[in-house]
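Data first, discussion second: the structure below is written as structure tokens.
Counting convention: from 1, in listed order, for ligands and their atoms alike.
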Amino acid sequence: MDPKENLVLLAAALLWMVISAETSQATHLPGCQDKCGDVSIPYPFGTSEGCYFNDHFRITCDTKITPPLPYLWSSKVEVLSISLDGHLRILTFVGADCYNKSGARESRKKSIAILPAFPFSNTRNKFFGIGCDTIALISGVDLHGQTYSTGCLSLCNDTASVTNGSCNGIGCCQIPIPGNLLRYSATVTSFKNHTDIWESNPCGFSFLAEEESFNFTIANLTSIKNTTRLPSSIDWAIGNQTCEEAKKDLTGYVCKANSGCYDSSNAPGYLCNCSAGYIGNPYLPDGCQDVDECKDSNLNRCLKKCQNTNGNYTCSCPKGYHGDGRKDGEGCSADQLLAVKIFVGVGTSVIVLVAVSGLLYFGQQKRKLIKLKEKYFQQNGGLMLQQRLAGREEPTSAAKIYTAEELEKATNNFDESNIIGRGGYGIVYKGIFADNTVVAIKKSRTVDNSQIEQFINEVVVLSQINHRNVVKLLGCCLETEVPLLVYECVSNGTLSSYIHDRNKAATFTWETRLRIAAETAGVLSYLHSAASMPIIHRDVKSNNILLDENQTAKVSDFGSSRLVPLDQAQISTMVQGTLGYLDPEYMLTSQLTEKSDVYSFGVVLVELLTGKKPLSFERPEEERSLAMLFLSALKEDRLFPILEDCIAKEGNAEQVDKVARLGKTCLRVKGEERPTMKEVAMELERLRMMGKHPWTNVESNYEPTEYLLGKQIDAFGHGKSGESSAGYQVLGAVLLPSGGR
Ligand SMILES: *[C@@H]1O[C@H](CO)[C@@H](O)[C@H](O)[C@H]1NC(C)=O
Ligand SMILES: *[C@@H]1O[C@H](CO)[C@@H](O)[C@H](O)[C@H]1NC(C)=O
Ligand SMILES: *[C@@H]1O[C@H](CO)[C@@H](O)[C@H](O)[C@H]1NC(C)=O
Ligand SMILES: *[C@@H]1O[C@H](CO)[C@@H](O)[C@H](O)[C@H]1NC(C)=O
Ligand SMILES: *[C@@H]1O[C@H](CO)[C@@H](O)[C@H](O)[C@H]1NC(C)=O
Ligand SMILES: *[C@@H]1O[C@H](CO)[C@@H](O)[C@H](O)[C@H]1NC(C)=O
Ligand SMILES: *[C@@H]1O[C@H](CO)[C@@H](O)[C@H](O)[C@H]1NC(C)=O
Ligand SMILES: *[C@@H]1O[C@H](CO)[C@@H](O)[C@H](O)[C@H]1NC(C)=O
Ligand SMILES: *[C@@H]1O[C@H](CO)[C@@H](O)[C@H](O)[C@H]1NC(C)=O
Ligand SMILES: *[C@@H]1O[C@H](CO)[C@@H](O)[C@H](O)[C@H]1NC(C)=O
Ligand SMILES: *[C@@H]1O[C@H](CO)[C@@H](O)[C@H](O)[C@H]1NC(C)=O
Ligand SMILES: *[C@@H]1O[C@H](CO)[C@@H](O)[C@H](O)[C@H]1NC(C)=O
């Protein structure tokens, strides 16, 4: 080759590269015509040799007319548009049959279309017959040479009975077409030469067209006469193999980089589409290109920072924040230190900042509102919260601070219908944020300092905890008159409602009960052994154990919980808790220890076993307290009669027996003789692991097994006997072989 020619070629190539770099979303092969008139021609279609995939994809561009018009192959089939999703729109003719007033035929036209390769779309097209004395017929041939004939008819006495806008058989009939249809001929005839209705409808018409491009109206009974062609759709595809076959046949497979393959629904052959996160023409040699989602905020869900990756993007948070940075995810929350700073700063700088912008934008009024919010912030313990959080080093799962507007919107302005619970402490609303996350929002009932204290307490305690069996605190709002806490929504109500609702209890299996007990014990054990500062829940009860849709236990309500400084084994407090669950020792001494939770948990365990209320004034005086009732039943070896019916029926005798005995140890009067929550949790886990033996023979299985019990106590390391308190003696009599160890 002549070097000059080489140079020219190189220049051309460079030029093309520049052009194609500019139009990064090129849809055609280099050097090929990308448009014919207004119609763009993406590869595998093309107009000249080398520009199309094979002969089936050749487009003839007639440049003698302006604007130039594209035709399929060298046919008379005019192309309206080509799309890479396998559709190609063409114009097809309208068949007609017209008469003069006296019933003599004036003109008759057939509509014929013959496609060499791609079939008419059977999903997008319909065959239509129009007129009030009309028999519309179509006969066709499919890809395999099969022929078919069908038609529809439309007869009406006058055009007044025609429904405008609807092709329902009066004045207009339509029928679907079969798949794989490659050619057809559409004709139309009449019964009475349109003589009765000639004034309003001298012609009948029949045609195949895109359902979407033809909306029938009364006017069409005459207007179609002037229409010769209508759009219809054909389904193109590559080759005659399925994806699977084509992938094996490596040389023939045309789906390029970052693309996938799917079988055509109509024609034989397959199509390519770009993989998620990519865009472009999957048939071109370079394949599909990565989408830079970060360039367009509509394409990504990042709050702050967005980083494009191949086929995707990642979000991140600015320094000092953590989270996934996504609008639909965790978002960004301030690291703990920052959170403290924010808390400290809110009172001054942020409010000042907001006030300044308020001044700038909304003037005096807005400033008043902010003043009010500031007042609330202080009143709601913003300062207390600062103090409590300050001086903490360990990172917390920082709670988000919500605005009042956000929460009002989420709860429909705290509408009654959104209330999902009421407690002594406040009202719980269901809230739905704009991104469809469902939350529970707890609103303090009154603005009373002791409640504020509880509120702050809960924020502080919960921000220390990250456990799947603890209701997650998502954040809070301090700007309103009463403080608001935002939690994850736990959908299936309280454990109490499951135990004490007769219908629910019947289907509340032993297995589930045991799992919930183990989960709850696990959480309490976790809280008690929290490395930095053990947490005593102080109000363990079935009402404070929530169940999610899978009946997973979630412990809630940390309003009265206490953080116990490590150097203090017990702390003196005002006695708080719920009657029926309250540790008798704590009640007497006001000395709060972790064992108080153990006692309350013991009551929950017994509740799970018996289905009875922890305190009921309907029972005789000595049985009012469930703990007492249970202990005396055990003492008299009458466990079975007090069990919840369904447990007595289906429970595993050995497990039930051991859980009952475990419950008994938890209910010991002397705190120090109760097992620790960790021991309880481990024992429950161990019992869960035990195989499931049906309660085949209740009587014989239910014999106190001192030996096993002794082992259990061994595990707890509390196997000492003797002791004074009445409660202990009750237990000791059954539990401990004296001098056992
Ligand atoms: C209709 O056509 C026939 C034959 O062409 C003719 O004889 C007749 O006069 C026409 N009638 C009218 C009303 O034009
Ligand atoms: C209807 O038209 C056809 C064709 O022009 C003619 O042969 C036939 O006689 C006409 N019938 C009536 C009832 O006018
Ligand atoms: C058309 O009108 C005739 C008499 O005018 C009547 O017998 C026939 O039932 C009507 N047909 C329809 C479809 O309305
Ligand atoms: C029929 O509907 C079309 C559009 O829906 C409207 O333009 C036309 O005026 C209607 N014709 C009659 C007779 O109601
Ligand atoms: C026919 O109606 C559909 C929906 O009513 C509309 O989307 C479509 O654009 C209409 N087609 C034409 C050609 O007016
Ligand atoms: C059809 O076109 C002719 C002229 O080409 C015109 O006289 C007639 O009014 C048109 N009819 C309709 C229904 O648009
Ligand atoms: C059908 O009638 C509507 C007006 O009612 C018109 O816009 C449309 O072009 C007509 N369709 C055909 C195929 O003549
Ligand atoms: C598939 O197409 C190839 C080439 O286009 C042809 O040789 C072969 O006969 C076709 N196979 C079928 C089953 O149509
Ligand atoms: C590609 O097409 C297949 C089949 O229609 C579809 O399931 C898939 O979601 C498409 N992929 C993309 C990224 O659109
Ligand atoms: C992008 O990444 C996110 C998060 O890792 C993931 O959920 C998503 O499915 C990914 N999208 C694509 C198209 O791979
Ligand atoms: C959770 O509650 C919903 C509605 O109250 C109920 O349909 C569903 O069965 C419950 N799920 C379980 C596991 O109890
Ligand atoms: C419930 O279990 C299903 C299946 O294991 C899981 O997909 C779903 O996320 C669980 N729901 C909750 C709230 O954990």
- Query: Just by distance, do the side chain of W510 and the backbone of C646 share a donor-acceptor pair under 3.5 Å?
  - Reply: no
- Query: Do we get K109 above F93's six-membered ring, with its NZ or CZ under 6.0 Å from the centre and within 45° of the axis?
  - Reply: no
- Message: Side chains of N544 and K541, heavy atoms from C-beta outward: is any pair under 4.5 Å?
- Response: yes
- Task: Check each of N220, L230, I218 against atom 6 (C) of ligand 7 and report the one with the nearest heavy atom.
- Result: N220
- The protein heavy atom nearest to atom 4 (C) of ligand 2 is R105 NH1, 4.0 Å
- 4.5 Å side-chain heavy-atom contact, F214 and I130: yes
- Nearest protein heavy atom with distance in Å, relative to atom 2 (O) of ligand 12: N550 ND2, 2.3 Å
- Message: Tell me if a side-chain donor or acceptor on T411 pairs with a main-chain N or O of L407 at a distance below 3.5 Å.
- Response: yes
- For T227, the ligand 7 atoms with a heavy-atom partner under 4.0 Å come out as 12 (C), 13 (C), 14 (O)
- Message: In the structure I gave you, are the side-chain heavy atoms of Y184 and F127 within less than 4.5 Å of one another anywhere?
- Response: no
- Distance-only N or O hit between ligand 7 and N215, under 3.5 Å: no
- Task: State, yes or no, whether a side-chain contact exists between I545 and K554 at a heavy-atom distance under 4.5 Å.
- Result: no
- Number the atoms of ligand 12 from 1 as they appear, then name those within less than 4.0 Å of a heavy atom of D548, with their elements. 12 (C), 13 (C), 14 (O)
- Task: Check each of T195, N193, N100 against atom 1 (C) of ligand 2 and report the one with the nearest heavy atom.
- Result: N193
- Message: Can you tell me which residue among H528, R538, H537 is in a side chain to side chain donor-acceptor pair (under 3.5 Å) with D597?
- Response: H528
- Message: Below 4.0 angstrom, counting only protein heavy atoms, does anything approach atom 11 (N) of ligand 12?
- Response: yes
- Task: Provide the number and element of each atom of ligand 7 under 4.0 Å from a heavy atom of T217.
- Result: 1 (C), 2 (O), 3 (C), 4 (C), 5 (O)
- Message: List ligand 12 atoms under 4.0 Å from E549, heavy atoms only on the residue side.
- Response: 10 (C), 11 (N), 12 (C), 13 (C)
- Task: Could you tell me whether atom 14 (O) of ligand 7 has a protein heavy atom closer than 4.0 Å?
- Result: yes
